[in-house]
Amino acid sequence: MKLSIEQQAAVNCIGNAYITACPGSGKTRALTARIAKNVQELKHRNNKVLAVTFTNRAANEIKSRLEENYTIESGRIWAGTIHSFALEWIIKPYASYSPPLNAGYSIADEFETRKILNKLKADKGLRVFDEINTTFNRQGVVENSDRRAKEVEQEYRHILKSRKKIDFDQSLYFAFQLMELIPEIAHTLSNIFSNICIDEVQDTQDLQYAILAKIFNESFHKPTLFIVGDGNQAIYGGIGGKSLSLAELNAEFIGSNINYFTFSDNYRSTQRLVDYFSVFRGVQGGLSKAEHKNNQGIISFFNQAVDKDQLAEAIAELIKGELNNGSSENDICVIAPQWAPIRSMTKKLIALLPNVRFDAPALSPFHGQHDNFWLIVSKLALTEPSGRLLSVRVRWANEILNHLSDVYHHTSELTAKKLLKVINSFQSETRIGTEYLKECFEFMLDELDLDLVSDVALKEQFDLFFEKATSNIENNNGQYEDSVVALKSFFKESTGIVVNSCHGVKGEEYKTVIAFGLLKGFIPHWSDIINQPAYVGQNAESKMLYVIASRAKEKLYLFAEYGRRTQGGNPYETSNLLNAYSYQYD
DNA sequence: TGGAATAGAGTTTTT
DNA sequence: CTCTATTCCA
């Protein structure tokens, strides 16, 4: 992969590196190059490179870029979210030493935790949207200034404990606790991982820094650090994401003496776009220069000019125009700050443009079940063994094998190849999606000599999987369709116009970006406005707008649509910053 | 009846 | 927090 001089300097830097740079300057490109370089330079057979980020989407981005640009033996690198790292490398192997975990545990998913919290809030006379903090800091303290919020949090922990469940926050805290209790964990990890790479570091939480720093600080042979981020894109502050300065990183990773780099060139967008979105940038970083000299392209803002009921038609027209002008479906992305309007938009767009393909993850009836064993199996069941999916399917098959051996303690000589062969040979007449999957799972269990009667955990996952999917299908006014064709279309090679949340497309780029819902209360969210000093809302707002506008390479269409109403019936207004930004729009 | 005090509306992103 | 509507009281 070709690197600029700035990027090469960072990638080839001896020692530790911290890079902050503007969007589109090739931070992730440099990171993947560094990972590949690190892998080549690994000294011992058992050494690995660790690459962590905050979201699954960002982790998958790293994996795909590595797969596309380099040939790396899969065992030489571990890439994923910090949560999954803590689970796989600390909690699972050492759970028996942890007092809260040694009696057994499983992970509570979002459905369960939200249900418990909502019930407790109602009992205490709090409203569903009153905020309850559940994140631990490194002292193990969960800060809630409100008395009732604190009580809710404590009772919530009791309920989880009685069910032998841990939530996402506890998975991090117990991992950190274990590392404090047993220094050998950090020693072992630092012996395995000779390099630690962190992408999108501005979204990392306090406890996550603490875990990574512990590995570094306790090690005898210091791993090298390669840390990449952009404080101006820190849009996870609301859930504890924290951007650190170079000095703070140096203090965290003791004696790391990190070299600082920044990239000044933008390889993504036209100069006109770079100038446009630079206005939303905070204090960090200088002006960036676009490599593309052309000032063509479009920046449009439909400020209260389109009614929300005509919005889908307007966006469909834009899409049609783009496609007629030679853009491909993969060049276009439609984003909004919240999922609810995205779902209805997706549905309308699909109806309006029946021949256009969309990549819209929100339509899966399985969302919220990432960790379910059967979700991975259904990915295989619903995809064809061809094209780019070939290598991805092998990855999924290996995940299934890992689950079977680690979580369910099956010791068989099953290989990924055999598993794929079994699932590929499954055939069924049914057109009903969930029925098709059920048949396929039973076929697979049968072929592999497994059965649900003797395996309680696998059975529990099996039941939950269908229970939640069915509930999604039944309760959402037909948004989710239970047909084999619909389910297959969800997992098929992700091509088509991306429809996603602003958070979801962070780190990605598109020739044409169409953003809607740019309204005060969405951008920034009410919780950044209510009971907050004005600067909190302004910061949150400029970061979100910065992320949104900087996704675009050539064309940016912005909508602050008219006609959306709050629960009380008041109209939503254009987001403050956009309203105040005087710009010569097309 | 005018000015001050109080109440109410506005509710997401991710693991 | 900010904006608006309502209530309170002299």
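Since this is a predicted model, take the numbers as computed values, not measurements. Chain identifiers are assigned alphabetically (A, B, ...) following the order of the sequence lines, protein sequences preceding nucleic acid strands; residue numbering begins at 1 within each chain.
Here A:Ser527 lies in heavy-atom contact (under 4.0 Å) with a base. Residue contacts for A:Asn56: at a heavy-atom cut-off of 4.0 Å it reaches the sugar-phosphate backbone alone, with no base atom in range.
Residues from residues 568-576 of chain A with heavy atoms under 4.0 angstrom of DNA chain B, sorted by number: A:Gly568, A:Gly569, A:Asn570, A:Tyr572. Contacts between residues 128-145 of chain A and DNA chain B, defined by a heavy-atom separation under 4.0 Å, are made by A:Phe129, A:Glu131.
Evaluation of the side chain to side chain donor-acceptor pair (under 3.5 Å) test over residues 115-127 of chain A, restricted to residues two or more places apart or in two chains, returns A:Lys119-A:Asp123, A:Lys124-A:Glu151, A:Lys124-A:Glu155, A:Arg127-A:Asp130.
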Chi angles and distances behind the salt bridge (Lys or Arg N to Asp or Glu O under 4.0 Å) call for A:Glu61, A:Arg65 = CA-CA 6 Å; A:Glu61 177 74 19; A:Arg65 287 210 202 185; 2.9 Å; yes

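Every residue meeting the side chain to side chain contact (heavy atoms under 4.5 Å, CB included) condition with A:Tyr510, not counting sequence neighbours, appears here in chain and number order: A:Arg57, A:Cys333, A:Val498, A:Val505, A:Glu508, A:Val513. In this structure A:Gln567 satisfies the side chain to side chain contact (heavy atoms under 4.5 Å, CB included) test with no other residue, sequence neighbours excluded.
With hydrogens and angles ignored, the 3.5 Å screen pairs a side-chain donor or acceptor of A:Gln170 with a backbone N or O of A:Asp167. At least one donor-acceptor pair under 3.5 Å links the side chain of A:Asn330 to the backbone N or O of A:Gly496. Remark: side-chain polar atoms of A:Arg281 are not paired, donor with acceptor, to backbone N or O of A:Phe277 under 3.5 angstrom.
Of the charged side-chain nitrogens involved, none lies within less than 4.0 Å of a carboxylate oxygen, so that A:Glu200 and A:Lys27 do not count as a salt-bridged pair.
Only one option out of A:Val499, A:Leu558, A:Ile315, A:Ile497 pairs with A:Ile514 in a side-chain contact (heavy atoms from CB on, under 4.5 Å); it is A:Ile315.
Between chain A and DNA chain B, the heavy-atom contact criterion of under 4.0 Å yields a 5' to 3' nucleotide range of B:dA9 to B:dT15.
Taking the six-membered ring where tryptophan is involved, the planes of A:Tyr173 and A:Phe176 are tilted, since the angle between them lies from 30° to 60°.
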